[in-house]
Amino acid sequence: MGTRLESPAEQAAEVIDRLFKEYPDTTISLDFSNRLELLIAVILSAQCTDERVNKETEHLFAKYDGPEDYANADQEELAADLDSITYYNNKAGYIREACAIIAAEHDGEVPDTMSELTDLPGVGRKTANVVLQHGHQLIEGVVVDTHVQRLTRRLGITEERSPERIERELMELVPREHWQEFTHLCISHGRATCTARNPDCGECALEDVCPSSKLDSEMDLASGEAW
DNA sequence: CTCCCGATAT
DNA sequence: ATATCAGGAG
């Protein structure tokens with residue numbers, strides 16, 4: 001078990017402090033050169049690696065340009081352009097419909113409010129928060145993706161399960177000036193060390209404050225085997 | 001809750 | 001073979 005009985009807020013502060021030393025330059029890893037490309041890249045990134053999204057958007061962004069271009073695209077053709085991305089049929093539809101709304105109702109510009117963004121098909125709170133933060137420099141919430149969900153639970157920062165509840169709790173526990181950084185640190189550490197399947201606790205900078213560390217159970221096992 | 005759904009690591 | 005990847009809709 002973790003060595004200290006820290007409050008969730010103290011635990012979060014310790015995590016930020018230590019991970020920032022390990023990943024001082026962490027930031028968004030999706031490639032984009034304007035707000036529409038950002039929106040599309042984030043929609044495509046659902047349950048797919050950023051690496052694969054970047055590989056596909058390189059071709060996609062060269063072929064299509066502007067909301068009307070996507071809105072008028074043929075569904076089958078756009079889906080085929082995305083055929084190595086997860087859920088490519090759904091995502092092709094989301095992109096076409098979202099771009100049609102952006103063209104018709106938002107003067108061709110990606111909206112800058114949470115409600116207007118989440119009204120777009122394929123855009124939930126997570127995607128909207130990323131677009132607000134990286135497209136409009138507006139920090140209205142904490143981006144809670146699969147990595148933030150997994151790490152905050154393993155580290156004992158939250159007991160909640162739903163991304164919406166975890167976000168509300170993190171908005172209470174983490175100072176607003178660290179909201180954006182907190183997500184990037186969780187993602188970097190989640191990819192490099194605290195992986196979903198087989199976390200590398202031996203290399204983890206948070207091992208001594210992590211209630212879920214494997215090392216404790218291995219020591220229990222070793223002492224148990226000593227009989 | 002289920003469905004969507006290819007590439008990759010284990 | 002199976003779990004996982006910057007989720008969201010019905």
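Lettering follows sequence order; numbering is per chain, from 1.
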Run the side chain to side chain contact (heavy atoms under 4.5 Å, CB included) check on A/Lys126 and A/Val144 step by step: do they pass?
CA-CA 6 Å; A/Lys126 179 260 167 180; A/Val144 178; over 6 Å; no

Under 4.0 Å, heavy atom to any atom of DNA chain B: which of [range] qualify?
| range | answer |
| --- | --- |
| residues 117-155 of chain A | none |
| residues 177-199 of chain A | A/Arg197 |
| residues 75-90 of chain A | A/Asp83, A/Ser84, A/Thr86, A/Tyr87, A/Tyr88, A/Asn89, A/Asn90 |

Please report the interatomic distance [atom1]([X]) to [atom2]([Y]), rounded to the nearest 0.5 Å.
| X | Y | atom1 | atom2 | value |
| --- | --- | --- | --- | --- |
| A/Ser84 | A/Arg52 | OG | CZ | 4.5 Å |
| A/Thr152 | A/Leu173 | OG1 | CG | 9.5 Å |
| A/Asn89 | A/Tyr94 | CG | OH | 11.0 Å |

A/Glu77/A/Lys63 ion pair, N-O < 4.0 Å
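So A/Glu77 pairs with A/Lys63 through a salt bridge.
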
A/Arg18/A/Glu22 ion pair, N-O < 4.0 Å
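Not counted as a salt bridge, because no side-chain N and carboxylate O are separated by less than 4.0 Å.
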
Of the residues in residues 30-65 of chain A, which ones touch DNA chain C at a heavy-atom distance under 4.0 Å?
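Only A/Ser45, A/Ala46, A/Gln47, A/Cys48, A/Thr49, A/Asp50 qualify.
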
Walk along DNA chain C from 5' to 3' and tell me the first and last nucleotide with an atom closer than 4.0 Å to a non-hydrogen atom of chain A.
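The contacted stretch runs from C/dT2 to C/dA9.
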
Work out how far the [atom1] atom of [N] is from that of [M], and round it to whole angstrom.
| N | M | atom1 | result |
| --- | --- | --- | --- |
| C/dA1 | B/dC4 | P | 22 Å |
| C/dG8 | B/dA7 | P | 23 Å |
| B/dC3 | C/dA6 | P | 24 Å |

Parallel, tilted or perpendicular: which one describes the rings of A/Tyr70 and A/Tyr64, with boundaries at 30° and 60°?
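Taking A/Tyr64 first and then A/Tyr70, their aromatic rings lie parallel (interplane angle under 30°).
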
Can you confirm whether the side chains of [X] and [Y] place a donor and an acceptor under 3.5 Å from each other?
| X | Y | value |
| --- | --- | --- |
| A/Glu37 | A/Thr57 | no |
| A/Tyr23 | A/His189 | yes |
| A/Thr158 | A/Glu169 | yes |

Please confirm whether the backbone N or O of A/Thr26 pairs with a side-chain atom of A/Ser188, one donor and one acceptor, at under 3.5 Å?
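The answer is no, because no donor-acceptor pair under 3.5 Å joins these two groups.
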
If you count the non-hydrogen atoms of other residues, nucleotides and ligands that lie under 6.0 Å from CG in A/Asp65, is the total more than 12?
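It does not: A/Asp65 CG has 12 such atoms or fewer within range.
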
With a 6.0 Å cut-off (strictly less than), is the heavy-atom count around CD of A/Glu159, excluding the residue itself, greater than 12?
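Result for CD/A/Glu159: open.
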
For A/Arg154, enumerate each residue passing the salt bridge (Lys or Arg N to Asp or Glu O under 4.0 Å) test, keeping only those at least two apart in sequence or located in another chain.
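By the salt bridge (Lys or Arg N to Asp or Glu O under 4.0 Å) rule, A/Arg154 matches no residue at all.
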
Passes side chain to side chain contact (heavy atoms under 4.5 Å, CB included), A/Ile166 versus A/Val142? Steps please.
CA-CA 9 Å; A/Ile166 292 173; A/Val142 180; over 6 Å; no

